[in-house]
*Asks:* 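The structure's right below; bear with me while I get my questions together.
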Amino acid sequence: MGTEEQSTLVTQSCLYRPVAVLKGVVVMLKEAVEEWMGAVRKIDDYRWELPQNYKEGMNVPGLVFADEEMMRVIGRDQSLEQVANVATLPGIVGRSMAMPDIHWGYGFPIGGVAATRVNDGVVSPGGVGFDINCGVRLLRTELTEVEVRPKLQELVAALYTAVPSGVGVGGKLRLDAKEIDKVLLNGALWAVERGYGLHEDLELLESQGRLPGADPTKVGSKPRQRGAPQLGTLGAGNHFLEVQVVEDVYQPETAQAMGIHGYGQVLVMIHTGSRGLGHQVCEDYLKVMDGAIKRYGIHLPDRQLACAPVSSPEGQDYLAAMACGANFAWANRQCITHWVREAFTQVFQKSPHELGIRTVYDVAHNIAKIEEHVVPSPSSGQVSKRVKLCVHRKGATRAYPAGHPEIPAAYQGIGQPVLIPGDMGRYSFIAVGTEQAMAETFGSTCHGAGRMQSRAAAMRSLKGTDIRGRLEARGIAVQAGSYRGLLEEASEAYKDVAHVVDITEKAGISLKVVKVRPLGVIKG
DNA sequence: ATGTAC
């Protein structure tokens, strides 16, 4: 056998193997998608049921909000298996739900909603996520794109300096142990009392930026150590600060009620959470829950669903610590709001009042809350009654309708604003909650574009791409701490958020009000 | 998401 022939074989196999592997992956993906399409039952054009008999131990069916195209995207990862797993949780009511932006997560899918009975159900840290109260704050200004454009570079640079960002990066505040307890107890109120922001901001935040039931004694020293230097920082990953402009208005009167007048108005969107503090609270309580499942004899298809009865000491402790994490996140977005106002003041040489920088709303999309909902009573057939539930929203946004007592007076007539960030550089949406959401999803809707490609996959496929240059070519100013972060957050890695919000709108669980596009992006 | 693995 000649060496030439051998080397040809080697060369050929080196050339063809990656292609063959890629083909294999595509075939496997297609097969997986077809398997899911066979497992689910189409209810209507925007709803699919995952039957209760799909998997042993499911206490309720699954419900996916998607059209056929989105269903085929969802079927590529293991998130529908996770929807089935969540359905096995003790005390779950209604359906284990998946929003159109669903994708694979830790135990629970990201983009999922699960409500459990407070009296005999469980609470699970995995149903909230590592970034407790990851959420969105929207600010409006009275500035227009025409006024901002000439100073855009300067503004983005000022914002980047004013709001520290990046993995593990600390901020301007240094809190001692006593002060951090007050943050954990009082949330955004703490920030306003220290001069970061206005009292009028507070009534425009979900839960007024202060979740009741927070108990700092249930938060260990490690989360405090990590969190103390991080209050008032953006973080990294998909967290961002954007200067945006109104591109489209679908409901002018509803927009007007939010102080959004029309095309060209400049807004600011802040997307961040509880940083290292929330992350460590989640980690600490996952260990506690690991012990709890043994103690209470809870059987789970996936250990990552670790949980405890809501009424148990472990469950109550987690909820008290989670509320601390949520309050830290609200204080975080409140401090950032204050520094955004300062940066605008500095650049435009006008007071925040003259610039009209006001809070539109602030929502959580990673949280568990004790809420009352009307659910069919299993014992009495058709009869429905109000029941106290623990509503886990992980990558899902509360979407309460007009007239709900929990939403601000300013929005009683229009419904709760729902803030839906898109992927970096495309567009984002502002929507409102509906009665349909209240009836069907425990008052919940989608939370964003939803990742379609893993960070590693995005890195592989986009390596070398000039993401910043691409954005700048479209008139978007970018200030980012890391090139890698930009790659991982490239549009290609995400679903189209316009498709996501169209599905939730057609299903009736939230209605589009405004579409915005970015002028400037700040990232860690 | 995250002191990107104690």
*Asks:* Between B:dA5 atom P and A:H279 atom NE2, what is the distance in whole Å?
*Replies:*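 Value for this atom pair: 10 Å.
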*Asks:* Verify the distance criterion only: is there a donor paired with an acceptor across the side chains of A:Q416 and A:R398 at less than 3.5 Å?
*Replies:* yes
*Asks:* So does A:K512 pair up with A:E505, basic N to acidic O under 4.0 Å?
*Replies:*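 No, A:K512 and A:E505 are not salt-bridged.
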*Asks:* Rounding to an integer number of Å, can you tell me how far A:D284 CG sits from B:dT2 P?
*Replies:*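 For the pair A:D284 CG and B:dT2 P, the rounded distance is 16 Å.
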*Asks:* I'd like to know if A:K222 pairs up with A:D284 as an ion pair, taking the criterion as any Lys NZ or Arg NE/NH1/NH2 lying under 4.0 Å from an Asp or Glu carboxylate oxygen.
*Replies:*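 Between A:D284 and A:K222 there is no salt bridge, as every charged N stays at least 4.0 Å from the carboxylate O atoms.
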*Asks:* Please work out if A:K222 contacts a base, only the sugar-phosphate, or nothing of the nucleic acid, heavy-atom cut-off 4.0 Å.
*Replies:* base
*Asks:* From CG of A:D131 over to P of B:dT4, roughly how many Å is that when rounded to an integer?
*Replies:*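 Nearest whole value for this atom pair: 15 Å.
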*Asks:* Can you check the A:N133 CG to B:dT2 P distance for me, whole Å?
*Replies:* 13 Å
*Asks:* By the 4.0 Å heavy-atom rule, please label A:E488 as base, sugar-phosphate, or nothing.
*Replies:* nothing
*Asks:* Are there runs of at least three consecutive Watson-Crick or G-U pairs touching DNA chain B, with each pair's two distances under 3.5 angstrom? Give them by first number.
*Replies:* none
*Asks:* When the distance from CD of A:E283 to C1' of B:dT2 is rounded to whole Å, what number comes out?
*Replies:* 9 Å
*Asks:* Please confirm whether the ring centroid of A:Y318 lies under 6.0 Å from the ring centroid of A:Y285.
*Replies:*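 Yes, they do, as the ring centres are separated by less than 6.0 Å.
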*Asks:* Could you state the NZ-C1' distance from A:K287 to B:dC6, rounded to the nearest angstrom?
*Replies:*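 Going from A:K287 (NZ) to B:dC6 (C1'), I get 11 Å.
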*Asks:* Answer yes or no on whether A:K515 is positioned over the face of A:Y427, meaning its NZ or CZ is under 6.0 Å from the six-membered ring centre and within 45° of the axis.
*Replies:*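 Yes, A:K515 lies over the aromatic ring of A:Y427.
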*Asks:* Reckon A:R275 touches a base, only the sugar-phosphate, or nothing at all at heavy-atom distances under 4.0 Å?
*Replies:*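 If one applies the 4.0 Å heavy-atom cut-off, A:R275 turns out to touch the sugar-phosphate alone, with no base involved.
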*Asks:* Without decimals, in angstroms, what is the distance between A:F130 CZ and B:dA5 C1'?
*Replies:* 13 Å
*Asks:* Less than 4.0 Å between a side-chain N and a carboxylate O, is that true for A:R426 and A:D423?
*Replies:* yes
*Asks:* Does one side chain, of A:Y400 or A:E371, offer a donor that lies under 3.5 Å from an acceptor on the other?
*Replies:*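 Yes, side-chain donor-acceptor contact under 3.5 Å.
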*Asks:* For A:Y285 and B:dT2, what is the distance between atoms OH and C1' respectively, to the nearest whole Å?
*Replies:*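 Rounded to the whole Å, the gap is 19 Å.
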